[in-house]
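Please read the structure below before turning to the comments.
Labels below follow one simple rule: chain letters A, B, ... track the order of the sequence lines, proteins then strands, and each chain is numbered from 1.
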Amino acid sequence: MRKLIGILLLLIIALGIALSLKEIPFGITKTIIGDHFINKGIEETGAVNIVTSVVVGYRAFDTLGEITILFTATIGLGALFGIYKKKKVNLEIEPPSLIVFTGTRFLFPILILTGTYIIIHGHLTPGGGFQGGAIIASAFLLMYLGCKGKRINENLSKVVEALGGLTFVALGIVGLITGKDFLFNFLSKGEPAALLSAGIIPIIYIAIGLKVGSELAGIIDNLIEKSK
Amino acid sequence: MEIIVTILILLMIASAIAALIFKDLINAIIASCIVSLIAAILFYFLQAPDVAMAEAAIGAALVTGIFIIAVKRTKRFEE
């Protein structure tokens, strides 16, 4: 009976999606704003990567909201596991094999380097703060799995996270002080496709990368270290 | 090109169904990791490298790791 209801519900949802998507032609833009981003994006924000010009340029305030959601999730997880902090029990992971240990030692610096590159070049090539931060956090996940006993410094990661958030908001407020809007791009846009271009966009993306990386690494640390 | 995409989509559906069927939860997690990985490749083919990167880093690496830790903390086999 329950399975029947489930299948019925799935069919209704599928029908709804099919009916609503039937009218939309695939791959054809129906909005004017998309064309504006593609044609004027580089000129207005200075970022060559159009996705970045939208995420950190045109809708930077929404990105601040996204960061806040991730921050709230991390705080919730920390509070949930922090209750039982007194009887701290480590997860019993078997000691890693030689292959995993050696592989981790080779891959860890390469992953950190790739993550940093993706964060710093967010306004030039695909990627940015979120992607690079996730790659850095996955490097720490590899470290937890491959090197038994190594832990991240919890206080340092909290300081880095706070610095990232603070930089983002402070840059926004500086925009207000210069007499324009919140998160106004007050620095010179420079030459397109140069590393030092696009004004505050690379600085914001570095802040986002530090924040996302330390938050996700903190989630992994909470899950592995804290007791049930 | 279209043949590759079709094969990838079929593989994706197959591993999604496998993730539902497997009783060993570690196998199910690896199957759902394959779904994310193929989704990342398809995003790249659709000229969305930013989304592909996020999907590969979060969907395939971090979520898999967190799920494996969760299974380690609870039970490995589904009844």
* Whether over 12 other heavy atoms sit under 6.0 Å from B:Ile3 CD1 -> no
* Flag if over 12 foreign heavy atoms under 6.0 Å of CD1, A:Ile12 -> yes
* Are more than 12 heavy atoms from other residues, nucleotides or ligands located less than 6.0 Å from atom OH of A:Tyr58? -> yes
* Take atom CZ in A:Arg105; do more than 12 heavy atoms of anything else shown fall under 6.0 Å from it? -> no
* Part of A:Ile135 within contact of chain B (heavy atom distance under 4.5 Å) -> both
* Structure fact -> Hits for side-chain hydrogen bond (donor to acceptor under 3.5 Å, both in side chains) against A:Lys3, two or more places apart or cross-chain, chain-then-number order -> none
* Flag if over 12 foreign heavy atoms under 6.0 Å of CZ, A:Phe106 -> no
* What parts of residues 56-64 of chain B touch chain A if we use heavy atoms and a cut-off under 4.5 Å? -> B:Ala57, B:Ile58, B:Ala61, B:Leu62
* Distance, nearest 0.5 Å, that separates CE of B:Met53 from OG1 of A:Thr114 -> 10.0 Å
* **Residues, nucleotides or ligands: over 12 heavy atoms within 6.0 Å of B:Phe67 CZ** => no
* Structure fact -> dist A:Leu216:CG -> B:Ile66:CD1 (nearest 0.5 Å) comes out at 7.5 Å
* Asked: Just wondering, are more than 12 heavy atoms of other shown residues or ligands nearer than 6.0 Å to OH in B:Tyr44?
  -> no
* Less than 4.5 Å apart, any side-chain heavy atom of A:Val55 and any of B:Asp50? -> no
* Asked: Using non-hydrogen atoms only, which part of A:Leu142 is less than 4.5 Å away from chain B: side chain, backbone, both, or neither?
  -> neither
